[in-house]
Amino acid sequence: MFSLPTNVTSTDVYNSIQMSLSNCSRTYSHCTIKLQHHLSYHAESLCLAQNTKCDSQYSVCTDTSGTPYCQCHPGYFKKNPGDMTCRDCGDGRKLVNGSCFE
């Protein structure tokens with residue numbers, strides 16, 4: 001368990017889980033299922049696991065914050081922060097500090 005303000009990385013979590021799994025024996029109740037079913041743990045991108053649909057032409061999916069997020073490429077923006085799609089300003093307009101100008 002890690003507290004919320006702890007500065008924990010995905011590598012820290014992966015290493016902790018691997019250590020716990022490698023120390024499993026039948027004497028621990030949580031290990032019985034692991035041993036019975038030959039369970040393992042692997043790290044996976046949240047972008048892939050949750051099948052996040054970012055338009056690769058305009059954005060890239062990042063999950064460094066623990067939540068999949070479509071990060072817009074330079075020159076593109078989101079109309080609303082929760083949007084999954086990025087857009088441009090249109091012909092003759094330019095994005096400056098998050099707003100479109102002639």
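We number each residue from 1, following the sequence as shown.
Applying the salt bridge (Lys or Arg N to Asp or Glu O under 4.0 Å) test to Arg87 and every residue at least two apart in sequence or in another chain returns nothing. Taking the side chain to side chain donor-acceptor pair (under 3.5 Å) definition, one finds that Gln71 meets it with nothing, sequence neighbours left out.
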Would you tabulate the side-chain donor-acceptor contacts of residues 89-102 under 3.5 Å, counting partners in other chains and residues two or more places apart, or write 'none'?
{"unit_1": "Arg93", "atom_1": "NH2", "unit_2": "Cys100", "atom_2": "O", "d": "3.2"}

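Heavy-atom minimum distance, Asp63 versus Leu46: OD2-N, 2.7 Å. Listed here is the closest heavy atom pair of Asn7 and Asp12: O-OD2, 4.1 Å.
Cys70-Cys54 SG separation is under 2.5 Å; the pair is scored as a disulfide.
Between the OH atom of Tyr69 and the NZ atom of Lys78 there is a distance of 4.0 Å, given to the nearest 0.5 Å. Between Asp55 atom CG and Cys72 atom SG the span is 10.0 Å, to the nearest 0.5 Å. Thr85 OG1 to Lys53 NZ: the interatomic distance, rounded to the nearest 0.5 Å, is 14.5 Å.
Sorted by first and then second residue, the ring-ring contact (aromatic ring centres under 6.0 Å, His included) pairs with a member in residues 74-100 read Tyr58-Tyr76; sequence neighbours excluded.
His73 is not listed as a side-chain neighbour of Cys86, based on a closest heavy-atom distance of 4.5 Å or more.
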